[in-house]
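Heads up: numbering here begins at 1 and tracks the sequence.
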Amino acid sequence: MTPQFWLAEHADAIFYGLFAALALAEIILRLVLKVSKTNKVLEYVDSGFIAILLAFVIRSFLMQTFIIPSGSMESTLLIKDQILVNKFTYGVRLPFTHRLLLPGKELHRGDIVVFRYPRNPKVKYVKRCIGLPGDRIEMRNKVLYVNDRPVDEPYVIHRDQNVQTWPFSRDNFGPVRVPEGQYFMLGDNRDESADSRYWGFLPKPFIEGRAWAVYWPLNRWQVIH
């Protein structure tokens with residue numbers, strides 16, 4: 001794992017650790033220095049704390065960054081693309097928990113979503129939402145069917161034109177019914193994606209937010225539709 005991806009994977013812990021450290025530093029300075037609010041040193045500390053507090057609110061409840069770690073969403077999202085994730089779209093959750101503070105919109109088919117991998121919540125994935133609760137999902141010879149109707153997927157690429165007969169989960173899958181409160185997620189790079197065909201449905205509480213825009217590299221800047 002490169003340092004860039006290690007930092008991305010541990011970004012939450014690093015960020016909240018810095019926030020806690022700065023808050024503790026301000027408390028210690030107030031106790032040790034015993035100065036008034038007009039003191040220049042304390043003013044700088046207060047300004048820094050307010051800035052970090054705003055960043056904490058933005059990152060926890062509104063927007064955060066995410067680095068695309070694999071090619072499973074090519075060619076929509078490329079490896080090392082850096083994206084902004086709208087955390088407010090599907091509801092605001094308490095940091096480090098699945099507890100919903102404010103409800104948001106429901107997922108729509110086609111939404112590109114960043115979420116915590118159900119088998120290891122410390123890892124974040126990005127996939128496209130294909131199936132909503134109650135949908136009947138099936139794949140026949142690489143063609144996706146939702147509720148018994150073939151789906152036009154212009155964003156999908158197939159790098160292996162052969163139909164894989166084993167394991168059946170890749171090119172021939174289902175039919176399965178999406179349970180209530182869960183979703184079926186697939187990668188756009190359909191032949192090279194570890195998605196719901198292999199690890200099952202995505203529970204709603206694991207959703208982090210909706211992929212909103214690519215902001216880096218600059219020549220890749222785009223709003224994600």
Which of M185, R128, K127 passes side chain to side chain contact (heavy atoms under 4.5 Å, CB included) with V113? It is M185

Acceptor/donor pairs from residues 131-141 side chains to any protein atom, 3.5 angstrom cut, sequence neighbours excluded:
from : atom 1 : to   : atom 2 : distance (Å)
D135 : OD1    : R109 : NH2    : 2.8
D135 : OD1    : N147 : ND2    : 3.2
D135 : OD2    : R109 : NE     : 2.9
D135 : OD2    : R109 : NH2    : 3.0
D135 : OD2    : L132 : N      : 2.8
R136 : NH1    : D148 : OD1    : 2.3
E138 : OE1    : R140 : NE     : 3.4
E138 : OE1    : R140 : NH2    : 3.3
E138 : OE2    : R140 : NE     : 3.3

N86 side-chain N/O to W212 backbone N/O, donor-acceptor pair under 3.5 Å: no

For P118, does its backbone N or O pair with a side-chain atom of W199 as donor and acceptor, under 3.5 Å? no

Minimum heavy-atom separation for P203 to F201, with atom names? CD-O, 3.4 Å

Grouping I, L, V, M, F, W and Y whenever their side-chain heavy atoms are under 4.5 Å apart, do V176 and Y145 come out in a common cluster? no

Tell me if a side-chain donor or acceptor on R197 pairs with a main-chain N or O of R170 at a distance below 3.5 Å. yes

V178-L202 co-clustered via ILVMFWY side chain contacts under 4.5 Å: no

Can you get from F66 to I224 by hopping between Ile, Leu, Val, Met, Phe, Trp and Tyr side chains that sit under 4.5 Å apart? yes

Do K204 and E180 sit within salt-bridge range, that is, some charged N less than 4.0 Å from a carboxylate O? no

Heavy-atom closest pair, residues V126 and M73: O-CG, 3.5 Å

Do Y90 and F115 have ring centroids that are under 6.0 Å from one another? no

Answer with yes or no whether the side chains of Y125 and E208 bring together a donor and an acceptor at under 3.5 Å. no

Are the side chains of I130 and D195 in touch, meaning some heavy atoms are under 4.5 Å apart? no

Tell me if a side-chain donor or acceptor on K142 pairs with a main-chain N or O of D160 at a distance below 3.5 Å. yes

